[in-house]
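All remarks here apply to the structure that follows.
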Amino acid sequence: MKLRIGCIPGDGIGPEIIRETGKVLERVADKYGHKLEYTEILMGGASIDVHGVPLTEEAIAAAKVSEAILMGSIGGDPATSPWYRLEPKRRPEAGLLRLRKELNLFANLRPAVLYPQLAGACPLKEEISSRGFDILIVRELTGGLYFGERKTIEENGRLKAIDTLTYTEDEIRRIAVKAFEVAMKRKKKVTSVDKANVLDSSRLWRKVTQEVASSYPEVELEHMLVDNCAMQLVKDPAQFDVILTENMFGDILSDEASMVTGSIGMLASASLNDSRFGLYEPSHGSAPDIAGKDMANPIATLLSAAMMLRYSFDLKQEAEDVERAVHAVLDKKYRTVDIMSEGCTPVGCSEMGSLLAAEI
Ligand code: NAD
């Protein structure tokens with residue numbers, strides 16, 4: 001099978017983690033008889049340096065003809081990088097926001113997995129962390145409070161700020177369908193998170209989610225209030241499989257879930273539209289503090305590539321092979337500096353990539 005991948009190395013550690021991920025994908029392609037066809041796309045600071053803007057029309061066109069995008073990370077240190085002296089719409093992050101909009105990426109998937117080998121990094125009590133967890137948060141990405149009408153007005157000599165939270169039933173339905181579809185590929189449980197005791201948008205969310213559930217009789221659906229979900233994530237994360245939620249709740253809960261794993265260099269993410277197209281990137285940033293020092297952990301990017309194999313190319317076995325390689329390397333106690341613990345062997349980004357590739 002030919003895999004046409006748009007590749008955005010980006011800034012900071014981006015090029016290093018993409019290079020190491022590429023090593024592993026090359027092995028996967030060899031083993032299973034696939035052909036990788038990469039188109040390199042400039043975005044973020046790397047594009048500003050060449051074109052003066054964080055994303056060109058040509059880059060958008062190249063992204064649109066790819067079957068999936070694999071991205072490192074973009075951005076620099078806002079305190080020192082000249083990119084942040086530009087007006088906001090010319091800064092690195094503006095490129096990513098524009099690309100997400102152009103590609104209509106409305107579904108954000110963020111796994112929070114506690115690897116047994118890294119349980120020591122989990123800030124939860126051992127009686128909780130020892131049960132492990134494997135959660136996938138499906139967050140609506142293009143609606144809700146962040147995209148509603150907003151203004152600040154003066155009323156009776158006092159300032160008043162207004163933000164609006166709107167969702168249409170179609171917006172809710174398409175993200176709910178995504179959540180149920182991915183649940184079918186996992187443990188078949190969806191926890192839909194809302195604030196239906198207060199918000200109308202949440203009551204509609206609940207109604208539409210319930211309707212969608214009737215098309216997926218194998219999947220168990222439960223509803224949970226967002227305040228309870230925030231508590232349950234630290235009290236009993238093992239109860240969750242797929243968490244489905246709207247934009248702002250998802251923003252907060254996905255950061256909470258990733259923090260309880262304790263390992264930022266291990267967390268993948270995917271942003272999908274309603275075809276099989278997706279943009280796959282690690283959850284972390286471009287880590288300018290360690291860029292070019294061969295210290296970055298490439299695993300979050302590699303696990304994002306595994307999501308790409310699974311969701312955009314439907315290559316389940318290949319995705320599992322990549323995930324197995326990660327487990328094998330952790331079992332052999334090789335660690336990059338961010339996940340280092342006593343008794344383990346420290347390795348750099350490049351060696352980690354080679355070790356992972358050798359496990360395929
Ligand atoms: P960051 O995630 O880049 O770094 C936070 C800390 O974690 C740093 O100490 C870093 O060294 C470490 N770290 C992150 N990834 C690591 C890895 N793979 N291996 C080892 N250590 C790792 O967050 P930040 O410092 O707040 O942001 C830096 C830049 O990244 C900013 O310009 C920010 O805007 C950008 N950013 C980009 C994205 C994206 O491209 N989607 C996401 C978040 C932040």
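Order of listing sets the numbers, starting from 1, for every ligand and every atom in it. Counting begins at 1 with the first residue of the sequence.
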Item to check | N-O pairing of Glu323 and Arg310 below 4.0 Å | outcome: yes
Item to check | Nearest-neighbour protein heavy atom for atom 25 (O) of ligand 1, which is reported as residue plus atom name and distance | outcome: Pro288 CD, 4.6 Å
Checklist entry - What protein heavy atom sits nearest atom 5 (C) of ligand 1, and how far away is it? => result Ile264 CD1, 4.4 Å
Checklist entry - Does NZ belonging to Lys316 count more than 12 external heavy atoms closer than 6.0 Å? => result no
Next on the checklist: Which of the numbered atoms in ligand 1 are under 4.0 angstrom from any heavy atom belonging to Met71?
Outcome noted: 40 (O)
Next on the checklist: Less than 4.0 Å from atom 19 (N) of ligand 1, is there any heavy atom belonging to the protein?
Outcome noted: yes
Next on the checklist: Under a 4.0 Å threshold between the charged nitrogen and the carboxylate oxygen, would Arg27 count as salt-bridged to Asp321?
Outcome noted: no
Checklist entry - So between Asn297, Leu267, Ile290, whose heavy atom ends up nearest atom 22 (C) of ligand 1? => result Ile290
Checklist entry - Hey, is Lys151 close enough to Asp163 for a salt bridge, meaning N to O under 4.0 Å? => result no
Checklist entry - Which residue supplies the protein heavy atom nearest to atom 33 (C) of ligand 1, what is that atom called, and how far is it? => result Glu93 OE2, 3.8 Å
Checklist entry - How far is atom 37 (C) of ligand 1 from its nearest protein heavy atom, and which residue and atom name does that atom have? => result Ile74 O, 3.1 Å
Checklist entry - In terms of residue, atom name and distance, what is the protein heavy atom nearest to atom 13 (N) of ligand 1? => result Ala287 CB, 4.0 Å
Item to check | contact_flag Ala300 ligand 1 heavy-atom lt 4.0 Å | outcome: no
Next on the checklist: Measuring from atom 9 (O) of ligand 1, which candidate in Ile339, Asp11, Asp289, Ile13 has the nearest non-hydrogen atom?
Outcome noted: Asp289
Item to check | Residues Lys185, Glu320: salt bridge by 4.0 Å N-O rule | outcome: no
Item to check | Nearest option to atom 31 (C) of ligand 1, as decided by whichever heavy atom of Gly76, Gly285, Pro298, Gly75 sits closest | outcome: Gly76
Checklist outcome for this item: the protein heavy atom lying closest to atom 30 (O) of ligand 1 turns out to be Ser286 N, 3.0 Å
Next on the checklist: I'd like to check which ligand 1 atoms, numbered from 1 as shown, lie under 4.0 Å from a non-hydrogen atom of Leu96.
Outcome noted: 41 (N)
Checklist outcome for this item: The protein heavy atom nearest to atom 41 (N) of ligand 1 is Glu281 OE1, 2.9 Å
Checklist entry - Hey, is Thr336 touching ligand 1 through its side chain, its backbone, both or neither, going by heavy atoms under 4.0 Å? => result neither
Checklist outcome for this item: Closest non-hydrogen atoms of Ala196 and Leu225, given as atom of the first, atom of the second and distance, are N-CD2, 3.6 Å
Checklist entry - Would you call Arg186 and Asp134 a salt bridge, using N to O less than 4.0 angstrom? => result yes
Item to check | Carboxylate-amine/guanidinium contact Glu67 Lys2, below 4.0 Å | outcome: no
Checklist entry - Does a salt bridge link Lys207 with Glu169, judged by any charged N lying under 4.0 Å from a carboxylate O? => result no
Item to check | Residue, atom name and distance, where the atom is the protein heavy atom closest to atom 39 (C) of ligand 1 | outcome: Ser73 OG, 3.7 Å
Checklist entry - Do Glu57 and Arg98 pass the salt bridge (Lys or Arg N to Asp or Glu O under 4.0 Å) test, and can you show the C-alpha distance, the side-chain angles, and the key distance before you say yes or no? => result CA-CA 11 Å; Glu57 297 304 320; Arg98 169 97 196 270; 3.3 Å; yes
